[in-house]
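Beneath this line is the structure, given in structure tokens, with notes to follow.
In this chain, residues are counted from 1 in sequence order. In listed order, ligands and their atoms are each counted from 1.
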Amino acid sequence: MRRTLVAGNWKMFGTRQLVRDVIGELRAMAHGATEVVICPPYPYLGPAADMVAGSALCLGGQDLHVAVEGAFTGAVSGAMLRDMGCAYVIVGHSERRQYFAESDELVATKAEAAIREGLRPIVCVGENEAEREAGRQFVVVERQLAAVTARLGASAMTQTVVAYEPVWAIGTGRTATPGQAQEIHAFLRGQLRRLDANVAESVRVLYGGSVKASNARELFAQQDIDGGLVGGASLGAVEFAAICMAAQGM
Ligand code: 13P
């Protein structure tokens, strides 16, 4: 059985105090049944690493550069994230695709770089509002996932996590219904099965987009939803802990 994963993506929010508050709250309740990953902004990885030490929590980066090192001012490599204690890294978040013009090709290269550095990529896919209205959601997520599976192949795909994040649900309070999310998750699982049955059964597919304590349980109860990628609600210690509890109660 797949172990549930809840990842908190802080985006460009937070303070050192928030690191103390959220990790302090979660340390007490985290145990083995659900994996909890915090993805704070880069400057907070050091303090966060000190605080998660010896707990069941782990850390993730929000992005990485494809190179091991080099003259790329402002960028951070997978090797650095690993060195700071990260186990995961998000790639292909819709905000990276939209505001930093990241293509499917670049996302695949980033996923490959993550695997090379011993990080588990959390590969984000998801359609925007216009694409959903045009009924193109399946085509879009299939294309985004295929770019990564074609590059990584079955064996490396077992190290990845896939996150379905419909863009129209991110930060809008408009969560996909459990039925809408499950439909896409089952489709993504089917795409993974075409690559390899083992991959389909082992890869966790997370849902992201306005996950809150009040809707987490119902979302996580869906057959193909293996946890959540949580933005805004991961910035509140009590709220995020309640979402993790909902995941543990599965
Ligand atoms: P919200 O939970 O704030 O909608 O953000 C979702 C997200 O983008 C997580 O990566």
- request: Let me see the working for Arg2 and Glu201 under salt bridge (Lys or Arg N to Asp or Glu O under 4.0 Å), right down to the final yes or no.
  value: CA-CA 8 Å; Arg2 293 180 294 272; Glu201 291 323 306; 3.7 Å; yes
message: Glu35 vs Tyr88, test: side chain to side chain donor-acceptor pair (under 3.5 Å). Steps then yes/no.
response: CA-CA 11 Å; Glu35 213 174 344; Tyr88 288 87; 2.8 Å; yes
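The aromatic rings of Tyr164 and His185 sit perpendicular, their planes meeting at an angle over 60°, well past the 30° parallel limit.
Atom numbering of ligand 1 starts at 1 in the shown order; those under 4.0 Å from a heavy atom of Asn9 are 9 (C), 10 (O). Close approach of ligand 1 to Leu229 (heavy-atom distance below 4.0 Å) involves ligand atoms 9 (C), 10 (O). Residue Gly209 has at least one heavy-atom neighbour below 4.0 Å for each of these atoms of ligand 1: 4 (O), 6 (C).
Using a cut-off of 4.0 Å between Lys/Arg side-chain N and Asp/Glu carboxylate O, Arg3 and Asp226 are scored as not salt-bridged. For Glu95 and Lys11, the salt-bridge test passes: some basic side-chain N is under 4.0 Å from an acidic carboxylate O.
Ligand 1 has no N or O atom lying under 3.5 Å from any N or O atom of Glu95, backbone or side chain. Backbone and side-chain nitrogen or oxygen atoms of Gly231 are examined, and one is located within less than 3.5 angstrom of a nitrogen or oxygen of ligand 1.
Contacts between Ala169 and ligand 1 below 4.0 angstrom, taking non-hydrogen atoms only, involve the backbone exclusively.
What sits closest to atom 7 (C) of ligand 1 on the protein, heavy atoms only, is Glu165 OE2, 3.1 Å.
Residue Ala7 places every heavy atom at 4.0 Å or more from ligand 1. Residue contact annotation: Lys11 has a non-hydrogen atom under 4.0 Å from ligand 1.
Between Gly8, Ala233, Gly171, Gly232, it is Gly171 that holds the heavy atom closest to atom 4 (O) of ligand 1.
Residues Gln62 and Trp10 bring no donor and acceptor atom of their side chains to less than 3.5 Å of each other. Judged purely by distance below 3.5 Å, without hydrogens or angles, the side chains of Gln144 and Asp104 never pair a donor atom with an acceptor atom.
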